[in-house]
Amino acid sequence: VNGVPNVKIVIIGNSATAVGAIESIRQHNQRAEIVVVTQESSLIYSRPMLSHYLAGEIDEERLCYRGSDFYTEHGVKAILDSEVVAIEPQEHRIRTRSGEAIRYDKLLICTGGVPIVPPIAGLDPSTPGVFTFTTLADTQGVIEYLRRAGQRPAPQDVADAGNQIGDICEAVVVGGGMIGIKATDALVSRGLHVTMVELAPRILSAGFDEVASDMVSRIFTEGGVDVLTENTVTAVHTESGSETALGPTPAPGGHISAGHIQSGSETHAPEGRISAVTLKDGRTLRCDVLILGIGVRPNARIAEEAGLDVRRGIVVDEYMRTSEPDIYAAGDVAEAYDLVVDMNRTVAIWPNAYRQGAIAGAHMVGVARADQGGVAMNTIEALGVPAMAIGNANAPEGEGYQVLSELHERGDKIARTYRRLVIKDDLLVGAILVGNIERAGIYTGLIRNKIPIGDVLAGPRRQNLMNVNLLSLPDTYRKHVVTGAGIEV
Amino acid sequence: MEKEMKRIIVHEEHCIACGLCQVHCLVQHSTSRDIIKAFSNERDRVLSRVTLEEDGPISFALQCRQCQEPACLEACISGAMHRDPETGAVVCDEDRCVGCWMCIMVCPAGAIRQNLTGHGIASKCDLCYGSELPACVVHCPNEALTYEEVDDDPPSPEPAGSKAGQGGRS
């Protein structure tokens, strides 16, 4: 296994994918030289946890995904605050913004995604009070802005925070998908009044069906959030009274970071902080803080410029190899195999990022472990109510899809539950769970392992699928899960 | 990493669904470790990490299967889910868990539960860390749960009867 001595592995990025790769490399190979180059100025933190940090549930220390000694322990040289501007495949080296050239034998691109910034009149990336919600810097920016502008501290900051809200109280979140929902949930926890604006006819339209969307929407509405659909922000107004002058185009990738706001190095200094937004329907709302939470797109620019095969993301095979020899890509930036839709696509979720990183890492040190493919899935919490969408959960009934569902929507939000199962050709291909999420992973297992459940659907245990347990499933699969592989039935 | 590890083996043919495994799991993970106090005072705060399934004559008690490549570990966003360096067991550091339920979404055995105390934490079998034998094994009256060293391969990602891997790939 250690047949690749002294291989030099360079990893661009330092999130879940990088960690997956490093842990996998070291599981197989102690000698490989590993260099991590990242734009981030801090060690590995968890981006999905940023909403918990914004909500005030956890402190910054708990954002750490691995210990502060992770790189040291794994023999990794980390180059922080460094942006890779070019990949030179022929020369097997990368170049950084500061002009440094770094040679590699194997390169892993895990640059993740960059937030999508919508075209909004008057939206100047440096306007105080306007934020994307992807990085630690973004989140620190929001928290610091709220603090300085007089918003009450999060509950954990001060023991007796009371209910008094400072002069920052109106937040607008653009986007009713995963990021928008997480931002909304966190801002509500901080005591702000939030208006969530979604362009589509309903929130969570990508992964969830109408019933689940409506449930989540209703929970937010009952919690005091204004949920506006088929609407968006068309103009931003600042305290100086008018729309801010259109600034230059956002930085490459459209990334607005908190650094821009606090550094004072911007040439187009803002006139004042955000004060209001105008919506597509013509209304103007007071807005003290605006979060752009539409989503991310793969951060694949340097790969594209280097001539790699890039569609939406960087196209990779089952070992996460790109079209260029010795260059791998994994995580949110990669277009890898999705076993439910049976094609390559970008799915920006943490489990895929970690797993793909591990597969790339192993292959870079000579261990071929083919990826079985990912399953798109995510989990959110709407004011304390969990909701999950797994696989092709949103498919409408008909055209080969069979749907089983069960809805209990009476009572308060905690009592409401919904489950929706999508079946195609006797295989479970998707599941939605709202409220009661117990044992949800059994569904994921059925989807991932493509277990035929035709007999279950035709038999007396059919309804048991709704409140799933292993005994309702085919005996062979149950014994596989319970007792392990290789069981004769 | 590849040192021998003991796992809890489930013998469903011996299970009589008495539920003693669940009772003693809860007691073991309570603060008092006293059956009366645990059930009278701590029931909101501590869960059994054993799930009992029963349907007619078939029953079994199930806890974390200690997968070789745990889906919960790769899905965990906080880093709370980890392999204990000493025992090799997959365990959840409850001080780091934020209750995002990603692990629950991916565990194929459905062996992780929501402990809704406080902000919510994932509750799973830790093989009774520090004890020679897990409590569920000790208290099983019919040897339906045993604790054994296992040298076979981990459950394969493509179990018998699965259609996985049959599809074409681009």
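Proteins get letters first, then strands, A, B, ... in listed order; numbering begins at 1 in each.
A distance-only check finds no donor-acceptor pair linking the side chain of A/Arg62 to the backbone of B/Ser78 [under 3.5 Å]. A donor-acceptor contact shorter than 3.5 Å is absent between the side chain of A/Arg439 and the backbone of B/Ala111. In terms of modelled atom types and a separation under 3.5 Å, the side chain of B/Arg65 and the main chain of A/Val482 share a donor-acceptor contact. The closest donor-acceptor contact from the side chain of B/Arg96 to the backbone of A/Tyr65 lies under 3.5 Å. Between the side chain of A/Thr444 and the main chain of B/Met105, a donor-acceptor pair closer than 3.5 Å is present.
Contacts between A/Pro48 and chain B at a heavy-atom distance below 4.5 Å involve backbone atoms as well as side-chain atoms. For B/Cys76, the part sitting under 4.5 Å from any heavy atom of chain A is the backbone (N, CA, C, O) and nothing else. Interface remark: B/Gln114 contributes side-chain atoms only to the contact with chain A (heavy atom separation under 4.5 Å). Neither the backbone nor the side chain of A/Arg26 has a heavy atom closer than 4.5 Å to any heavy atom of chain B. Contact of B/Cys97 with chain A is made through the backbone alone, with heavy-atom distances under 4.5 Å. With a 4.5 angstrom heavy-atom cutoff, B/Glu54 touches chain A only via backbone atoms. Within the 4.5 angstrom heavy-atom criterion, only side-chain atoms of A/Ile390, from C-beta onward, approach chain B. Using a 4.5 Å cut-off between heavy atoms, B/Leu62 contacts chain A through its side chain alone, with no backbone atom that close.
For chain B, the option among A/Val468, A/Leu63, A/Ile442 with the highest count of heavy-atom pairs below 4.5 Å is A/Ile442.
The nearest pair of heavy atoms linking A/Trp350 to B/Ile77 is NE1-CA, 3.6 Å.
Between B/Glu53 and A/Arg478 no salt bridge is recorded (no basic side-chain N to carboxylate O distance below 4.0 Å).
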- Message: I'd like to know whether B/Arg83 forms a salt bridge (Lys or Arg N to Asp or Glu O under 4.0 Å) with A/Glu23, so could you lay out the CA-CA distance, the side-chain angles of the two residues, the decisive distance to 0.1 Å, and finally the verdict.
- Response: CA-CA 12 Å; B/Arg83 227 179 243 291; A/Glu23 290 182 344; over 6 Å; no
- Message: Go through it in stages, so that I can follow the logic: the residues are B/Phe60 and A/Thr483, the test is side chain to side chain contact (heavy atoms under 4.5 Å, CB included), and I'd like the CA-CA distance, side-chain angles, deciding distance and then a yes or no.
- Response: CA-CA 11 Å; B/Phe60 60 86; A/Thr483 330; over 6 Å; no
- Query: Could you walk me through whether B/Glu69 and A/Arg369 pass the side chain to side chain contact (heavy atoms under 4.5 Å, CB included) check?
  - Reply: CA-CA 12 Å; B/Glu69 288 181 9; A/Arg369 192 164 66 97; 2.9 Å; yes
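A distance of 12.0 Å separates CG of A/Leu470 from CG of B/Asp55, quoted to the nearest 0.5 Å.
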